[in-house]
Amino acid sequence: RAVNVDPPAGSYRTYQPSNGMRVAVPTNWGPVQSAGNSVTYAPEGAYFSENGGSAFTHGVEVGVAQGTGDLQRDTNSLLRNFAQSNPDLQQSGRARNESVAGRNGITVDLANVSEVTGQPEYISLSTTELRNGRLLYVIGVAPRTEAGTYQDAFRRIRQNIQVTDR
């Protein structure tokens with residue numbers, strides 16, 4: 001199926017998906033799904049829900065997962081969980097240390113095949129630890145052909161998340 005989506009806007013709007021967390025996303029994106037401990041933000045036309053499942057072709061999912069207090073181990077565990085439901089998922093390039101929500105974080109670039117379009121997609125997975133030992137993650141998704149347009153937006157989103165976790 002063909003998907004037609006506007007590129008990320010240059011201006012940002014802030015949402016507060018939970019107490020103590022603020023996420024700024026391009027103004028032409030909005031929250032499309034909230035499930036348990038995660039929220040997905042996507043532009044119009046990029047979110048699909050059918051047969052009890054959902055998928056997005058462009059946008060970010062921001063969530064919190066169980067952690068052990070070991071960022072590298074928790075990131076690898078999260079990657080394994082995603083790979084179970086996405087058999088085509090592959091790491092492309094090495095994990096790199098990068099600021100996520102103003103903290104030490106890890107970003108990994110991944111390649112996948114979109115279940116919506118059947119086309120190659122670019123995914124960036126970023127993680128950092130919260131003070132309670134849980135893992136904050138940000139997953140950016142875009143068609144591989146549009147990765148360059150979305151990489152900056154994904155970086156701005158993950159670097160500007162504000163978390164208050166005393």
Side-chain angles (χ1 to χ4, degrees), residues 1-18 21-65 75 78-79 81-96 98-102 105-128 135-163:
R1 130 178 13 177
V3 175
N4 214 344
V5 172
D6 288 334
S11 51
Y12 282 62
R13 175 187 302 138
T14 301
Y15 291 92
Q16 190 165 345
S18 65
M21 186 182 301
R22 295 164 63 86
V23 180
V25 298
T27 51
N28 60 336
W29 296 12
V32 291
Q33 181 191 29
S34 180
N37 289 320
S38 74
V39 182
T40 301
Y41 300 92
E44 197 168 320
Y47 178 76
F48 299 86
S49 179
E50 52 200 22
N51 306 328
S54 63
F56 60 107
T57 57
H58 304 68
V60 293
E61 178 182 334
V62 178
V64 176
T75 302
L78 196 63
L79 278 168
N81 288 346
F82 290 142
Q84 284 173 353
S85 51
N86 295 284
D88 295 315
L89 191 68
Q90 293 179 339
Q91 187 167 330
S92 51
R94 301 170 61 140
R96 57 192 186 275
E98 198 173 271
S99 170
V100 179
I106 295 175
T107 295
V108 183
D109 289 336
L110 305 163
N112 196 21
V113 175
S114 170
E115 55 191 299
V116 175
T117 65
Q119 297 300 308
E121 63 186 358
Y122 163 77
I123 298 176
S124 82
L125 167 70
S126 299
T127 57
T128 191
L135 190 70
L136 171 69
Y137 65 85
V138 183
I139 304 168
V141 176
R144 187 177 307 150
T145 55
E146 298 171 46
T149 308
Y150 282 81
Q151 282 170 325
D152 284 344
F154 297 160
R155 185 178 309 111
R156 273 184 71 173
I157 291 166
R158 66 181 169 252
Q159 289 180 347
N160 292 313
I161 290 175
Q162 296 172 335
V163 181

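FYI, side chains are in, hydrogens and waters are out, and symmetry mates aren't considered; it's all heavy atoms of this structure. Small disclaimer: the values here were computed from a predicted structure and weren't measured. Along the sequence shown, residues are numbered consecutively beginning with 1.
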Original post:
Step by step, would you call Ile157 with Tyr12 a side chain to side chain contact (heavy atoms under 4.5 Å, CB included)?
Top reply: CA-CA 9 Å; Ile157 291 166; Tyr12 282 62; 4.1 Å; yes
Subject >> Inter- and intrachain pairs under salt bridge (charged side-chain N to carboxylate O under 4.0 Å, His left out), touching residues 109-125, at least two apart >> reply: Arg96-Asp109
**OP:** Find out whether Ile123 and Val108 are in side-chain contact, i.e. whether some heavy atom of one side chain is under 4.5 Å from a heavy atom of the other.
**Re:** no
Subject >> Atom pair CG (Leu110) and OH (Tyr122), whose distance is rounded to the nearest 0.5 Å >> reply: 8.5 Å
**OP:** Output the distance between atom CG (Leu79) and atom CG (Leu89), rounded to the nearest 0.5 Å.
**Re:** 7.0 Å
Original post:
Are the side chain of Gln159 and the backbone of Ile161 linked by a donor-acceptor contact shorter than 3.5 Å?
Top reply: no
Original post:
Should Phe82 and Leu125 count as side-chain neighbours, where that means a heavy-atom distance under 4.5 Å?
Top reply: yes
Original post:
Can you tell me if Ser126 and Thr107 form a side-chain donor-acceptor pair at under 3.5 Å?
Top reply: yes
Subject >> Heavy-atom pair of closest approach, residues Val39 and Pro17 >> reply: CG2-CB, 3.6 Å
Original post:
What is the minimum heavy-atom distance between Leu135 and Leu78, and which atoms define it?
Top reply: CD2-CD2, 3.9 Å
Original post:
Rounded to the nearest 0.5 Å, how far apart are OG1 of Thr127 and CD1 of Ile139?
Top reply: 10.5 Å
**OP:** Please name all residues satisfying side-chain contact (heavy atoms from CB on, under 4.5 Å) with Pro120, sequence neighbours left out, ordered by chain then number.
**Re:** Arg144
Original post:
Looking only at heavy atoms, which two atoms of Val60 and Gly140 are closest? And how far apart?
Top reply: CG1-CA, 3.9 Å
Original post:
Can you name the side-chain contact (heavy atoms from CB on, under 4.5 Å) partners of Glu44, sequence neighbours left out?
Top reply: none
Original post:
Do Ser49 and Gln33 touch side chain to side chain, with heavy atoms closer than 4.5 Å?
Top reply: no
Subject >> Contacts of type side-chain contact (heavy atoms from CB on, under 4.5 Å), residue Thr117, not counting sequence neighbours >> reply: Val3, Thr57, Ser114, Gln119
Check residues 22-29 and write down every donor-acceptor pair under 3.5 Å in which the side-chain atom is one partner and the other belongs to a residue at least two apart or another chain.
{"unit_1": "Arg22", "atom_1": "NE", "unit_2": "Gln162", "atom_2": "OE1", "d": "3.1"}
{"unit_1": "Thr27", "atom_1": "OG1", "unit_2": "Ser11", "atom_2": "OG", "d": "3.2"}
{"unit_1": "Asn28", "atom_1": "OD1", "unit_2": "Ala9", "atom_2": "N", "d": "2.9"}
{"unit_1": "Asn28", "atom_1": "ND2", "unit_2": "Pro7", "atom_2": "O", "d": "2.9"}

Solution key, residues 146-154 side-chain donor-acceptor pairs under 3.5 Å, sequence neighbours excluded:
{"unit_1": "Glu146", "atom_1": "OE1", "unit_2": "His58", "atom_2": "NE2", "d": "3.2"}
{"unit_1": "Tyr150", "atom_1": "OH", "unit_2": "Asp6", "atom_2": "O", "d": "3.4"}
{"unit_1": "Asp152", "atom_1": "OD1", "unit_2": "Arg155", "atom_2": "NH1", "d": "2.9"}

